[in-house]
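All remarks here apply to the structure that follows.
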Amino acid sequence: MIIQAASCKCKSRFFDQLTVEFSGSQAEITKLLGLLKQQNVCFSRAGKKVTAELATASLKRLLACWKTVFGTPSEDLEKILQDSRVFFKGRDFSFDVTTDPLIYSILNITPDSFYDGGVNADLKTVLQRVEQEISAGAAIFELGGKSSKPNFTEISAAEEWARIAPYIKELKKNFPGIILAVDSNTDSVVARALAAGVQIINDIDGFQSKKKLELVREYTPAVVTMFNGRDQAEQKPTFSTDLKDYFSNSIKKLQAQGLSAANIVIDPGVGFSNTKVLEFDLLKISSVNLLAELNTPIMIAVSRKSFISKLLAVEPAERLLPTLLFENEMLQQGGRILRVHDVKETQQMIKVYQLCRQTLGVK
């Protein structure tokens, strides 16, 4: 029997839906149809060709039964399964995010961040918060020493580093297995963070500078590369194409420095536009399905952002529910790394999301 993945593009509400084509003899097709019906797989038939829609979990179940029906394992199906998996990897960590989302907690060590400015003002508070959030399900913790909200105030590299350096040291000391990220577009801060053992760099400028690319080559960290609409000429008619081209080029550039696709997270950049902010934010939220075709982890970074107030006229303290709803929508499109302020509530949302998948027979 000939088996091939016709498409890994979303065919349903869940992004990890594969279209797999089977062709073979009449006897093979008869056996296959019985197996697909037994596994409740959606399929269509045209003569000796069968096209099936398979979620990752369905494909695993099919593989487990294949040898019993056909006498030998299917190497083709095994390869399709392996090729469809999406990992996020870095120094001392590896997460399979094909179906399981990650919670990435935001720790802004700044007095002027749009939502939590001044909240993380001392080490004791942050250490207690990290302990609680590990229990609540956070896998990664990101320190930020400079606000990047609209019209943010620029500060010196020395001040930015001075804010986060003590926290890097104490978090590594108190939580030896912690996975740390730093949110910075400042070359020297990125260099010092990597030298201090930080595993992930989140750059809102998408690693455009020569120095940051040199640092990527030297340290091979995991990275988050973002589309910053404040620096791009965003055009609605070509936006989807421009966004996908931008990330295709960004991924190639980072891979040229020694990274693999699994080391690279892409962030559409919700909240980073200069004109028609709400319009482009909504376009970015709806772009996740398209970006999932790049087969790298996608960041969901909408937590309590100001576009929610533009849309619903609510204060920052009232943005949690809309945040969770937008995050759920992006999860269903294929987003997997949730960069959030509210870990406990995000974990609850993920549990509901996974329950819905189980109820619909997707997982």
Side-chain angles (χ1 to χ4, degrees), residues 88 90 92-97 99-110 113-145 147-149 164 167-168 170-172 174-183 198-202 222 224 226 265 267 270-271 285 288 297-308 314-332 335-357:
F88 180 35
D92 301 324
F93 70 88
S94 177
F95 298 104
D96 185 341
V97 295
T99 57
D100 296 322
L102 280 183
I103 298 178
Y104 180 114
S105 174
I106 304 167
L107 299 173
N108 284 319
I109 315 301
T110 53
S113 289
F114 73 92
Y115 172 66
D116 57 354
V119 171
N120 303 305
D122 62 85
L123 282 167
K124 183 179 178 181
T125 298
V126 170
L127 292 174
Q128 290 174 342
R129 177 180 168 185
V130 168
E131 185 173 20
Q132 292 169 354
E133 291 188 348
I134 288 174
S135 298
I140 297 168
F141 292 87
E142 180 188 87
L143 294 165
S147 174
S148 58
K149 66 183 179 180
I164 63 174
Y167 293 85
I168 294 173
E170 289 301 312
L171 285 170
K172 289 175 70 65
N174 286 270
F175 304 97
I178 197 168
I179 302 169
L180 284 181
V182 160
D183 175 13
V198 169
Q199 297 107 309
I200 304 167
I201 299 297
N202 182 2
V224 180
M226 197 190 81
V265 175
D267 177 357
V270 176
I285 288 170
V288 177
I298 300 170
M299 177 164 278
I300 300 172
V302 299
S303 183
R304 295 186 179 266
K305 287 189 173 178
S306 60
F307 80 94
I308 295 172
V314 295
E315 296 299 319
E318 301 174 288
R319 294 174 187 169
L320 176 57
L321 178 57
T323 290
L324 294 171
L325 292 170
F326 278 117
E327 288 172 346
N328 185 273
E329 169 61 24
M330 295 174 78
L331 271 179
Q332 294 184 53
R336 282 296 176 266
I337 317 295
L338 290 110
R339 183 178 182 271
V340 302
H341 297 92
D342 306 281
V343 170
K344 179 182 176 181
E345 292 82 357
T346 303
Q347 183 66 282
Q348 292 171 342
M349 182 271 290
I350 290 172
K351 288 181 178 179
V352 172
Y353 160 81
Q354 292 175 327
L355 178 63
C356 289
R357 289 175 61 91

Open item on the list: Can you give me the closest heavy-atom contact between I337 and P297, atom names plus distance?
Closed with: CG1-CB, 4.1 Å
Task: Under the side-chain contact (heavy atoms from CB on, under 4.5 Å) test, residues paired with Q348 that sit two or more places apart - done: K344, E345
Open item on the list: So F326 and I300, do their side chains get closer than 4.5 Å, heavy atoms only?
Closed with: no
TODO: Return the minimal non-hydrogen interatomic distance between L180 and V198, and the atom names on each side.
DONE: O-CG1, 3.4 Å
Open item on the list: Return the CG to NE2 distance between N108 and H341, rounded to the nearest 0.5 Å.
Closed with: 5.5 Å
Task: Spacing of CG belonging to D342 relative to CD1 belonging to I106, to within rounding of 0.5 Å - done: 9.0 Å
Open item on the list: Quick one about Q199 and D92 (side-chain donor to acceptor, distance below 3.5 Å, no hydrogens or angles considered), yes or no?
Closed with: no
Open item on the list: How close do I164 and G144 get, counting heavy atoms only, and between which atoms?
Closed with: CG2-C, 3.8 Å
Task: Shortest non-hydrogen contact between I298 and V265, atoms and distance - done: C-CG1, 4.2 Å
Open item on the list: Could you go through V224 and E142, starting from their C-alpha distance and side-chain angles, then the distance that decides it, and tell me whether this counts as side-chain contact (heavy atoms from CB on, under 4.5 Å)?
Closed with: CA-CA 11 Å; V224 180; E142 180 188 87; 5.6 Å; no
- [ ] Could you tell me whether a side-chain N or O of R339 sits under 3.5 Å from a main-chain N or O of Y104, the two making a donor and an acceptor?
- [x] no
Open item on the list: Just so I know, are the side chains of K124 and L127 near enough to count as touching, which here means a heavy-atom distance under 4.5 Å?
Closed with: no
- [ ] Find the distance between CG (L171) and CD1 (I179) and round it off to the nearest 0.5 Å.
- [x] 13.0 Å
Open item on the list: Looking at T323 and R304, would you say the former's side chain and the latter's main chain have a donor-acceptor pair under 3.5 Å?
Closed with: yes
Task: Any residue meeting ring-ring contact (aromatic ring centres under 6.0 Å, His included) with F93, in chain and number order, not counting sequence neighbours - done: F88, F95
Task: Pairwise side-chain contact, D100 with Q354, heavy-atom cut-off 4.5 Å (strictly under) - done: yes
- [ ] Could you grab the distance from atom CD1 of I134 to atom CD1 of I178, nearest 0.5 Å is fine?
- [x] 5.0 Å
Task: Short side-chain to backbone donor-acceptor contact, R336 and V97, under 3.5 Å - done: yes
Task: Nearest non-hydrogen partners of P322 and I308, listed with the distance - done: CB-CG2, 3.6 Å
Task: Test item: E131 and N174 side chains (from C-beta on) under 4.5 Å apart, heavy atoms - done: no
Task: Non-hydrogen side-chain atoms of R129 and S105 separated by less than 4.5 Å - done: yes
Task: Under the side-chain hydrogen bond (donor to acceptor under 3.5 Å, both in side chains) test, residues paired with D267 that sit two or more places apart - done: none
Task: Student check: side-chain heavy atoms of L107 and Y167 closer than 4.5 Å - done: no
Open item on the list: What's the separation between atom SG in C356 and atom CG in N328, rounded to the nearest 0.5 Å?
Closed with: 7.5 Å
Task: Distance in Å, L324 CG paired with R319 CZ, rounded so as to fall on 0.5 Å steps - done: 14.0 Å
Task: Atom of I109, atom of V126 and distance for their closest heavy-atom approach - done: CD1-CG2, 4.3 Å
